Structure formats: C-alpha cells, structure tokens
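First comes the structure, then the notes that go with it.
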2 protein chains.
Amino acid sequence: MTELVIKLTQKFPFFSKNLIQEIAKYGVVKNIENKTTILTTGDNVRMLPVVLDGIIKVYSIYEDKEFLLYYLKSSESCIMSFSACIENKKSEITAITESDSTLILLPSEKVKFWLKKYESFNKLFFKLYDQRYLDMINTLNHILFENIENRLLRYLYETRRIKGTSELAIKHREVAEDLGTAREVISRLLKKLEKDKIITQLKGGIIKIL
Amino acid sequence: MTELVIKLTQKFPFFSKNLIQEIAKYGVVKNIENKTTILTTGDNVRMLPVVLDGIIKVYSIYEDKEFLLYYLKSSESCIMSFSACIENKKSEITAITESDSTLILLPSEKVKFWLKKYESFNKLFFKLYDQRYLDMINTLNHILFENIENRLLRYLYETRRIKGTSELAIKHREVAEDLGTAREVISRLLKKLEKDKIITQLKGGIIKIL
DNA sequence: AAAAGTTGGTGACTAAAGTTACAATTACAA
DNA sequence: TTGTAATTGTAACTTTAGTCACCAACTTTT
C-alpha cells in the first residue's frame with residue numbers, strides 16, 4: 001500500500017478501497033507553498049483540486065472587489081471548481097493557499113465517471129454543496145442584519161478556528177477585503193477591540209485574540 | 001399514458017421513461033393556492049416538493065427577519081428541502097406559493113433511491129445547487145457593493161421576469177422584507193423611481209415598470 | 001356608514017460606515 | 001543606516017440608509 005493510498009484512506013474513510021485506488025492512480029499530488037494562487041476567475045478548470053493538507057481561501061471577485069467565500073480544509077474540495085469542472089465552465093472564483101498545502105488534482109473526466117460509479121463520491125459533493133449553501137445563508141444574514149463590528153469579531157473567531165491559533169498574522173487590508181469593507185474601518189474597529197480587551201495587536205502585524 | 005406522465009415528460013425531457021413512470025407512481029400531486037405556506041423553518045421534510053406549475057418564493061428567516069433567497073419555477077425543486085429531505089434534517093427555509101401552483105411531492109426514500117439509480121435525476125440536483133450557489137454569490141456581492149436603489153431596481157426587473165408581467169401587485173412592506181430593509185426606505189425609493197419615470201404606481205398598490 | 005386596520009408618504013433625526021487626507025510607525029532593501 | 005515602501009492610526013467629513021413620528025388614503029369589518 002503506497003503512502004498516498006494510506007493518506008487518502010485516512011482523509012476519506014467512507015471511500016471504498018477501489019475508489020481510493022482509482023483516485024491514487026489518476027490523481028496528481030501537488031505540494032503548493034503558502035500564498036500561491038491556484039485558480040483565478042476566468043480560468044478553465046480541467047482538474048478538480050481536493051485538499052489533502054493545508055488551508056485554502058476561496059474568494060469571489062466582483063468589479064475588482066474581493067470577498068471571502070469560504071476556507072477549504074483537509075478532505076474538502078471547492079464546489080465552484082467542481083461545477084466548473086464537470087460542466088466545462090470557467091472558474092467564478094479565485095483560490096489562494098493560506099498555508100503550505102498538499103492538493104490532489106483529479107481529472108474532470110474521472111470525476112464525472114466516479115460520480116456515477118461511486119455513491120460515496122457522489123454524496124461527498126452534495127454534502128459540500130449543502131454545507132457551503134447553508135454557510136452562505138448565514139453570511140448573507142450577517143451582512144444584512146449585523147454591524148461590521150460583529151462581523152469582524154465573527155471573522156476573527158472563525159479564522160482562529162480554521163488556523164488553529166489565536167495569533168493571526170494578517171494585514172488590516174486583507175481583513176477589509178475579506179469582509180468587503182475599507183481598511184480604515186478595520187483599523188478603527190481593531191483599535192476599539194483592543195481598548196475593549198478582546199484582542200491585542202502585537203508588533204509584526206499580529207492580531208492576538210484574548 | 002396518463003396526463004401526469006405527459007406533463008412530467010414535458011417538464012423533464014431529459015428523464016428516462018422509467019424514471020418518469022416511477023415518479024408518476026410514487027409522487028403525490030398537489031394543487032396549492034396562492035399565498036399558501038408549504039414549508040416553514042423547523043419543519044421536518046419527508047416529501048420533496050418539485051414544482052410542476054406556478055411560482056414559489058423561498059425565504060430565509062434570521063431573528064424574525066425575512067430575506068428572499070430565490071423563486072422556484074416550473075421543473076425546479078428547492079435544494080434546501082432536498083438536503084433536509086435526504087439527510088433527515090429540519091427545514092432551514094420557508095416556502096410560500098406566489099401563484100396558484102401544482103407541486104409533486106416525492107417521498108424522501110424514493111428520492112434517495114432515484115439519486116443512485118438515475119444519473120439524470122442526480123444531475124438535476126447538482127445543477128440546481130450550482131445555479132443557486134452562483135446566484136447567491138451575486139446576491140452577496142450586490143448586498144455588499146451596491147446601494148439599495150440598485151438592488152430595488154434589480155428586484156423589480158427580476159420579479160417582472162419571473163412573473164412575466166410589468167404590473168407587479170406587491171406591497172411596499174413585502175418588497176422591504178424581500179430585500180431585508182425597511183418599508184419607509186422602499187416607499188421613498190419607489191417615489192424617486194416614479195419621479196425618474198422608471199416606474200409608475202397605479203392604484204390598488206400596483207407597481208408598473210415602464 | 002362608522003370604526004378599525006392596513007398601506008403608503010414624508011420630514012426630521014440618528015447611526016453606521018465609507019471617504020479623504022495625512023501623520024506616524026514599522027519593515028525592508030540598498 | 002538611511003531612505004523607501006508598506007502598514008497602521010486618526011480626525012473630520014460625507015453619504016447612506018435605518019428609525020421615529022405622524023398623517024393621509026384606502027380597505028375591510030362590524
């Protein structure tokens with residue numbers, strides 16, 4: 001049993017031996033370093049990326065304005081790439097690694113085939129769609145009915161959860177883009193959160209959640 | 001060939017004869033009159049509604065505040081009911097008929113079964129998820145980066161498209177709820193659009209798009 | 001037809017967040 | 001280390017939209 005098979009089995013315990021074998025055979029493993037763009041709006045998607053290790057940030061871009069849609073973690077795939085991939089459409093999103101990551105790229109033809117052949121594979125994507133859609137409904141409600149301060153707090157807590165650390169090395173500018181607002185607004189609010197003893201800002205541009 | 005089979009064949013030309021037969025056999029057709037709630041947040045979903053005729057409005061409700069997620073038209077189904085249905089979860093949405101409508105209710109067990117057995121059935125739901133997700137990304141960008149006036153215009157044009165008429169019988173209060181804003185704001189803006197000769201407001205609460 | 005409820009119109013006010021403009025600080029490279 | 005670029009801080013201002021208060025018009029109920 002190769003290392004890849006072992007890893008795939010760990011990450012996808014609900015996949016059958018056969019499916020794992022096929023994925024290992026046709027998938028292309030790639031190590032990608034932090035802050036690398038793996039997909040941009042408009043790209044043709046011929047291979048579906050699935051995350052083995054690392055974190056990937058998925059953005060929508062609308063008239064030059066970014067907005068964070070979701071993070072991809074280990075064992076997850078990007079539903080927007082999935083749909084672009086199986087329908088031969090162009091990518092509607094931009095994906096950037098947020099840590100050194102390992103992906104496995106699955107050829108779109110095989111993805112379509114596995115979708116028919118393996119129920120567990122099929123189910124995974126329905127599940128991802130569902131999660132992402134519910135998530136989107138929440139995001140939408142937050143944008144509509146909550147003020148930015150709460151959205152910022154939510155963002156900080158969520159980022160801590162995803163990254164697994166309370167010390168977030170992230171620029172104000174980036175936070176602003178992720179939330180679809182202006183840098184000044186974030187600087188102001190972070191100062192306020194500091195005053196309220198919810199965070200501290202260490203030197204080196206690190207936001208520490210208390 | 002029964003009337004139902006004929007109708008199903010029209011609405012779902014990509015479904016096989018067998019699938020159509022099964023749907024006709026196990027589906028329950030319901031005629032539902034305008035403004036009827038067919039599903040509320042928290043309901044158990046044991047039957048998946050698929051629209052044969054009519055229009056259905058699907059809402060999310062967040063702390064008493066409604067927000068229009070999408071309209072369902074003929075040949076469409078509600079992905080949120082779908083996911084609730086196949087995973088035995090409770091509904092996260094509220095659905096209300098916007099015209100006298102005909103639905104066919106599919107038992108969740110059969111839905112799960114058809115999903116495996118019929119590729120065309122499986123594909124339909126992936127397609128719906130995809131459409132709805134892309135739609136959501138757009139909505140999100142509009143909320144974040146456009147002012148309410150534009151969002152209102154978009155809403156009016158979209159409603160005209162869905163309803164197939166330029167004379168929309170809709171209350172200001174309802175428009176406000178759909179867009180997640182306040183009634184006064186809508187009244188003010190509709191007056192402005194009237195001044196700008198983009199709409200007129202007829203008596204009886206009808207908004208006519210020019 | 002009078003009363004009660006619903007809907008729409010509007011001015012005045014408030015709050016929130018986006019913008020401008022620039023200063024201060026920190027990081028980085030020559 | 002010194003100059004340059006990137007990042008952060010902040011005050012003042014503007015804009016947008018949400019809120020309040022109230023009235024008028026229209027509808028429905030009694």
Side-chain angles (χ1 to χ4, degrees), chain A residues 34-35 62-68 139-156 167-209, chain B residues 35 62-68 139-156 159 167-209:
Chain A
N34 196 4
K35 302 290 172 195
Y62 175 80
E63 294 174 358
D64 287 345
K65 284 165 197 152
E66 293 183 2
F67 181 79
L68 173 63
T139 304
L140 212 130
N141 282 319
H142 297 154
I143 293 177
L144 271 173
F145 304 121
E146 289 196 350
N147 60 17
I148 308 194
E149 187 173 342
N150 281 327
R151 287 180 52 219
L152 173 59
L153 261 176
R154 226 178 260 282
Y155 171 89
L156 293 174
E167 302 198 355
L168 313 174
I170 191 167
K171 308 270 174 268
H172 295 189
R173 185 195 43 71
E174 194 178 347
V175 176
E177 280 172 0
D178 287 356
L179 294 173
T181 181
R183 199 267 313 159
E184 293 87 331
V185 174
I186 298 300
S187 293
R188 214 156 41 200
L189 286 175
L190 285 174
K191 266 285 149 214
K192 179 165 182 279
L193 292 180
E194 222 175 346
K195 203 179 283 171
D196 296 350
K197 306 248 190 287
I198 296 169
I199 62 160
T200 42
Q201 298 193 76
L202 312 178
K203 57 190 53 182
I206 290 164
I207 298 166
K208 178 169 182 177
I209 304 171
Chain B
K35 303 288 172 196
Y62 175 79
E63 293 175 359
D64 287 345
K65 285 165 196 151
E66 292 183 1
F67 181 80
L68 173 63
T139 304
L140 215 130
N141 281 320
H142 299 153
I143 293 178
L144 271 174
F145 304 120
E146 289 196 350
N147 60 17
I148 308 193
E149 186 173 342
N150 281 326
R151 287 180 51 218
L152 172 59
L153 262 176
R154 225 178 260 281
Y155 171 90
L156 293 174
T159 309
E167 302 198 355
L168 313 174
I170 190 168
K171 309 269 173 269
H172 294 191
R173 186 193 44 70
E174 194 179 349
V175 176
E177 280 172 0
D178 287 355
L179 294 175
T181 181
R183 199 266 313 158
E184 294 90 326
V185 173
I186 297 300
S187 293
R188 217 155 37 200
L189 286 175
L190 285 173
K191 267 284 148 217
K192 179 164 184 278
L193 292 179
E194 222 174 347
K195 203 179 283 172
D196 296 350
K197 307 248 191 285
I198 295 169
I199 62 160
T200 43
Q201 297 193 75
L202 312 178
K203 56 191 53 179
I206 289 165
I207 298 166
K208 179 170 181 176
I209 303 171

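Just so we're on the same page: letters track the sequence lines, and every chain starts at 1. Every value quoted in this text rests on a predicted model; they were computed, and no experiment measured them.
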**Request:** Compute the bend angle of the helix from C:dA1-D:dT30 to C:dA30-D:dT1 from the end axes (five pairs per end), rounded to 10°.
**Result:** 30°

**Item:** B:Lys35 atom NZ, over 12 foreign heavy atoms within 6.0 Å
**Value:** yes

**Asked** Roughly how far apart are A:Ile170 CD1 and A:Ile206 CD1, rounded to 0.5 Å?
**Response** 11.5 Å

**Prompt:** Going 5' to 3' along DNA chain D, which nucleotides are the first and last within contact of chain A (any atom under 4.0 Å from a heavy atom)?
**Reply:** D:dT7 to D:dA12

**Asked** Going through the checks in order, is the salt bridge (Lys or Arg N to Asp or Glu O under 4.0 Å) test met by A:Arg188 and A:Glu184?
**Response** CA-CA 6 Å; A:Arg188 214 156 41 200; A:Glu184 293 87 331; over 6 Å; no

**Message:** Looking at every non-hydrogen atom in both residues, tell me the closest pair between A:Phe67 and A:Ile143 and how far apart they are.
**Reply:** CZ-CD1, 3.8 Å

**Message:** I need the minimum non-hydrogen distance between A:Ile209 and A:Leu168, along with the two atoms involved.
**Reply:** CD1-CD1, 3.8 Å

**Euclidean distance, B:Ile186 CD1 relative to B:Leu152 CG, rounded to 0.5 Å** = 5.0 Å

**Prompt:** Just by distance, do the side chain of B:Gln201 and the backbone of B:Glu194 share a donor-acceptor pair under 3.5 Å?
**Reply:** no

**Request:** Could you pull out the closest heavy-atom pair between B:Leu179 and B:Arg151, with the gap in Å?
**Result:** O-NH2, 2.7 Å

**Request:** Taking only heavy atoms on the protein side, list every residue of residues 171-180 of chain A lying under 4.0 Å from any atom of DNA chain C, sorted numerically.
**Result:** none

**Asked** Counting any heavy atom closer than 4.0 Å, what does B:Gly204 reach on the DNA or RNA strands: base, sugar-phosphate only, or nothing?
**Response** nothing

**Item:** side-chain contact (heavy atoms from CB on, under 4.5 Å), paired with B:Leu190, selected from B:Thr200, B:Val185, B:Leu156, B:Ile198
**Value:** B:Leu156

**Asked** Under the 3.5 angstrom rule, does the side chain of B:Asn147 hit a backbone N or O of B:Asn150 as a donor-acceptor pair?
**Response** yes

**Request:** Could you list by number each residue of residues 181-193 of chain A showing a heavy-atom separation from DNA chain C of less than 4.0 Å, or answer none if no residue does?
**Result:** A:Thr181, A:Glu184, A:Val185, A:Arg188

**Request:** Name the residue closer to the 5' end of DNA chain C, choosing between B:Glu194 and A:Ile148 according to the nucleotide with the nearest heavy atom.
**Result:** B:Glu194

**Item:** Which atom of B:His172 lies closest to which atom of B:Ser187, heavy atoms considered
**Value:** ND1-OG, 2.9 Å

**Request:** State which residues pass side chain to side chain contact (heavy atoms under 4.5 Å, CB included) with B:Lys65; sequence neighbours excluded, sorted by chain then number.
**Result:** A:Phe145

**Prompt:** To the nearest angstrom, how far is B:Lys203 atom NZ from C:dT7 atom C1'?
**Reply:** 15 Å

**Complete:** side-chain hydrogen bond (donor to acceptor under 3.5 Å, both in side chains) filter on B:His142, not counting sequence neighbours, yields B:Arg154

